[in-house]
Enquirer: 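One structure, as structure tokens, below. Some questions next.
All ligand and atom numbering here is 1-based and tracks the order in the structure. Keep in mind the model is a prediction, meaning the values are calculated, not measured.
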Amino acid sequence: MAAEPKKIIIDTDPGIDDAMAIFLALRSPEVQVIGLTTIYGNVYTTLATRNALHLLEVAGRTDIPVAEGSHVTLTKGTKLRVADFVHGADGLGNQNFPPPEGKPIEDSAAAFLVQQAKLDPGEVTVVALGPLTNIALAIQLDPDFAKNIGQIVILGGAFAVNGNVNPAAEANIFGDPDAADVVFTSGADILTVGINVTHQVVLTGSDREKLASSNGKFAQYLTKILDLYFSYHHEAYNTDGVYLHDPTAFLAAVDPTLVTCMEGSVRVQTSGITRGLTILYNKQKRFGEITEWSNKPTVKVAVTVDAPRVVKMIMDRLVES
Ligand SMILES: O=c1[nH]cnc2c1ncn2[C@@H]1O[C@H](CO)[C@@H](O)[C@H]1O
């Protein structure tokens, strides 16, 4: 008998690769998407909510609730960095889609996360695709959240490689380093997939052509919005291909055998020129003194990925009509 689908909540800032991950999730029999929560990152939170509702309408899945997340960082910062130069002013490749008809639910993202984790302790997975503010707020709102939530799979960090905002920091961690440090040290069951891994998972120009020639609804939609993402990657990285950040993190939540991990404590630099830097203590040295990593709960950090298998899964599920 097939296992019950895993309940997941996607915390998202859509976002072109977020749209891919959401559609992929809706095509994945291993999971049941029980909600989307929104956050700033690729766009501001208001637009993230609008895009989340829009994507569910495109998919014909308006039964899935959307809970709006924080408009400010954990420390109430309002100077947010949004990546409209990557995703377009509308977050979805400047396609001028009509506004959604639906509305978010009354509960905030953090309240929704707390409530769902409590309803089904140990059974809900959060796939966090943006800055970690909502997750940190949930941890602060309910001391049992870290214990109640099944697993938190994070797209975030740059472990022993350069960042994508600057040489130190990856965009999601840079978006709210204080929140990230709260989440990594919370004791929850955490798997983080950083750009050290996602930069190995590339959708090529010829993959995009395959999507374009499929009659599938998602394939057609994604072909349109991917244009801008390709141009950005061409400019920034000189490649004819795009990094599949969010879909890779989602698939790691579905099938952990797609990645291999190291386990240790992760701390985040919250100030100075390396703000947003993620450092994993790999436990190989027993330090003679107490450090900021000592006695912190451990998390899993993805270090290798079966990129061909990930790309194939993404293509198979999105090309299908
Ligand atoms: O150069 C960049 N600056 C900011 N965000 C980026 C950049 N490149 C990609 N992303 C976005 O940030 C997440 C991965 O870090 C992904 O959502 C990706 O689309």
Side-chain angles (χ1 to χ4, degrees), residues 10-25 36-45 47-48 51-52 55 69 73 79-94 127-135 153-177 179-180 183 191-203 208 222 225-239 241-253 266 268 275-278 301-302 305 310 314:
I10 306 179
D11 188 71
T12 174
D13 54 342
I16 295 168
D17 54 328
D18 297 73
M20 292 186 85
I22 291 167
F23 288 163
L24 190 60
L36 302 184
T37 54
T38 65
I39 191 61
Y40 60 84
N42 295 326
V43 293
Y44 289 102
T45 305
L47 187 50
N51 288 349
L55 291 167
T73 67
K79 241 185 82 197
L80 309 174
R81 177 183 184 275
V82 302
D84 51 2
F85 53 93
V86 182
H87 300 270
D90 67 353
L92 294 170
N94 290 332
V127 179
L129 302 178
L132 294 167
T133 319
N134 293 332
I135 323 297
V153 179
I154 295 167
L155 167 71
F159 293 88
V161 298
N162 272 175
N164 57 4
V165 170
N166 60 45
E170 180 275 331
N172 287 343
I173 304 299
F174 187 80
D176 195 345
V183 174
L191 163 62
T192 192
V193 182
I195 58 174
N196 47 304
V197 158
T198 59
H199 278 187
Q200 297 171 46
V201 187
V202 177
L203 182 97
R208 184 176 54 160
L222 291 172
I225 69 172
L226 275 167
D227 241 5
L228 192 80
Y229 206 45
F230 267 79
S231 315
Y232 169 74
H233 282 74
H234 188 69
E235 232 170 76
Y237 299 100
N238 201 23
T239 53
V242 299
Y243 297 133
L244 293 168
H245 304 285
D246 295 353
T248 303
F250 165 74
L251 285 179
V266 168
V268 180
R275 191 174 148 80
L277 179 70
T278 44
V301 175
V305 60
V310 171
I314 293 170

Enquirer: Determine, step by step, whether His234 and Phe230 satisfy the ring-ring contact (aromatic ring centres under 6.0 Å, His included) criterion, reporting the C-alpha distance in whole Å, the side-chain angles of both residues, the deciding distance to 0.1 Å, and the verdict.
Expert: CA-CA 6 Å; His234 188 69; Phe230 267 79; 9.7 Å; no
Enquirer: When you measure from the side chain of Thr192 to the backbone of Gly156, do you find a donor-acceptor pair of N or O atoms at a distance under 3.5 Å?
Expert: yes
Enquirer: Under 3.5 Å, side chain of Asn51 to main-chain N/O of Asp90, donor-acceptor pair present?
Expert: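 Answer holds: yes.
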Enquirer: When the aromatic ring centroids of His87 and Tyr232 are compared, is their separation below 6.0 Å?
Expert: no
Enquirer: Tell me the closest heavy-atom pair linking Gly41 and Pro131, and the distance in Å.
Expert: CA-CD, 4.0 Å
Enquirer: Would you please test Tyr237 and Tyr243 for ring-ring contact (aromatic ring centres under 6.0 Å, His included) and show each step?
Expert: CA-CA 10 Å; Tyr237 299 100; Tyr243 297 133; 5.0 Å; yes
Enquirer: Give the residues near ligand 1 by chain and number, with the criterion being a heavy-atom distance under 4.0 Å.
Expert: Asp17, Asn42, Arg81, Ala83, Phe85, Val86, His87, Asn164, Glu170, Ala171, Tyr229, Tyr232, His245, Asp246
